[in-house]
Amino acid sequence: MTLPDPTLSFIAQYVPHLNKGDAHAPPPDREYTIDELARATETTTRNIRAYQERGLLPPPKLRGRKGIYSNAHYSRLRLIGDLLERGYTLSTIGDLLAALEQGLDLRNFMGIESALTSPWTDEEPVLMGIDELLAMFDNKVNLGSIDKALKLDLVRLEPDGKTVQVRSMRTMKAGAELVSTGIPFEDLLEIIQMLRGNVERVANELVKLVAENVLQKYDDDDALPPKEDLPQIADLIWRLRPLAEMAVHAELARAMEKATNHFLGDRLEKIIQGLETKK
DNA sequence: GTTCTTACA
DNA sequence: TGTAAGTA
């Protein structure tokens, strides 16, 4: 299972603030009538209005009765169009855009809000006996799997050797559900391992994005931000987390759907072939 | 002639 | 999402 390009870096090229002086061609900076905009972005006026109604596109300035659109509208329409091509639904795109805007708005609080460094997950680790954990999985896991789970840092062994720290009870419960439907625990661990690599990639992109963006404030050549600002940067990244979650959810949902279709497609093909050979 | 709104398919 | 009618 592989996830497509990290959505965040993909999105970044369409977000003017995050795309200063970079490689991607900037949209022509001018005014558009709705008709010109539709042609420039390869949509229709009907769609532009529909996106407005759904809140995916900000309303234009009004000159008399005419709407005057800007390059900001151009960028967003391109983003929407590409996202659509990638198989996102309009409502998913809406969620993503909302998260994006919310995240960017948070910059306005920078420098005002002080911040404490936060933990990277809002779930409290839960302590439970190894026997309890095994019971959760209906005793369908062997010790080897537990060893793997330890290596993946899904659980941590306590000093007493009899209890473990479950880092995310939500994950664990979801896993137990799946195991109860007959999916081997081992396979789940493998999937988690693969997922983790990809998710970390997305997280890195996000942090990089924020870092580059925030660091610009301290003027290009000087290397590091003042140490006293680091907590604020950490806080900003923490607050931007919903954006990352949206991106991961969206990509995962897409990958799942694709994988499901492939899987079902293969099965159908085999069934059809089976029928044909029986003729 | 263009833009907008509304409504319908 | 396209199309049509009625406006400004």
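Chain identifiers are assigned alphabetically (A, B, ...) following the order of the sequence lines, protein sequences preceding nucleic acid strands; residue numbering begins at 1 within each chain.
Within the cation-pi definition used here (under 6.0 Å to the ring centroid, within 45° of the axis), A/Arg49 does not qualify as a partner of A/Tyr51.
Remark: A/Lys151 engages A/Asp147 in a salt bridge, criterion side-chain N to carboxylate O under 4.0 Å. A salt bridge does not link A/Glu190 to A/Lys148: none of the charged side-chain nitrogens sits closer than 4.0 Å to a carboxylate oxygen. Checked for salt-bridge contact, A/Glu31 and A/Arg63 meet the test: a charged N lies under 4.0 Å from a carboxylate O.
Computed from coordinates, the A/Ile48 CD1 to C/dT1 C1' distance equals 13 Å when rounded to whole Å. Protein atom CG of A/Leu37 is 17 Å distant from nucleotide atom P of B/dT2, rounded to whole Å. Rounded to whole Å, the distance from CD1 on A/Ile80 to P on C/dT1 is 11 Å.
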Detail all sub-3.5 Å separations between protein N/O atoms and N/O atoms belonging to nucleotides 5-7 of chain C.
residue: C/dT7; atom: O2; partner: A/Arg65; partner atom: NH1; Å: 3.3
residue: C/dT7; atom: O2; partner: A/Arg65; partner atom: NH2; Å: 3.4

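Hydrophobic clustering (ILVMFWY, side-chain heavy atoms < 4.5 Å, transitive): A/Ile68 and A/Leu57 are in distinct clusters. Side-chain heavy atoms closer than 4.5 Å link hydrophobic residues (I, L, V, M, F, W, Y) into clusters, and following such links, possibly through other members, connects A/Met128 to A/Val155. Neither A/Leu127 nor A/Val166 shares a network with the other; the hydrophobic side chains, linked directly or stepwise wherever heavy atoms of I, L, V, M, F, W or Y lie under 4.5 Å apart, form separate groups for each.
Although no hydrogens or angles enter the test, the distance criterion places no donor-acceptor pair under 3.5 Å between the side chain of A/Arg167 and the main chain of A/Arg156.
Within the 4.0 Å cut-off from OP1 or OP2 of B/dT2, not a single side-chain nitrogen or oxygen of A/Thr33 is found. OP1 or OP2 of B/dC4 has at least one side-chain nitrogen or oxygen of A/Arg49 nearer than 4.0 Å.
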Exercise. What pattern of brackets, bars and dots sums up DNA chain C from 5' to 3', given Watson-Crick or G-U wobble pairs under 3.5 Å, [ ] for crossing pairs and | for another strand?
Worked result: ||||||.|

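Within the 4.0 angstrom heavy-atom criterion, no nucleotide atom of any strand lies near A/Thr45. Counting non-hydrogen atoms under 4.0 angstrom, A/Gly64 reaches nothing in the nucleic acid.
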Problem set entry | Derivation of the side chain to side chain donor-acceptor pair (under 3.5 Å) call for A/Glu186 and A/Ser145 | CA-CA 6 Å; A/Glu186 298 258 337; A/Ser145 305; 2.9 Å; yes

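For DNA chain C, the neighbouring residues in residues 50-62 of chain A, judged by any heavy atom under 4.0 Å, are A/Tyr51.
Between atom CD1 of residue A/Ile191 and atom CD1 of residue A/Ile183 there is a gap of 7.0 Å, rounded to the nearest 0.5 Å.
Residues A/Tyr69 and A/Tyr74 keep their aromatic ring centres 6.0 Å or farther apart.
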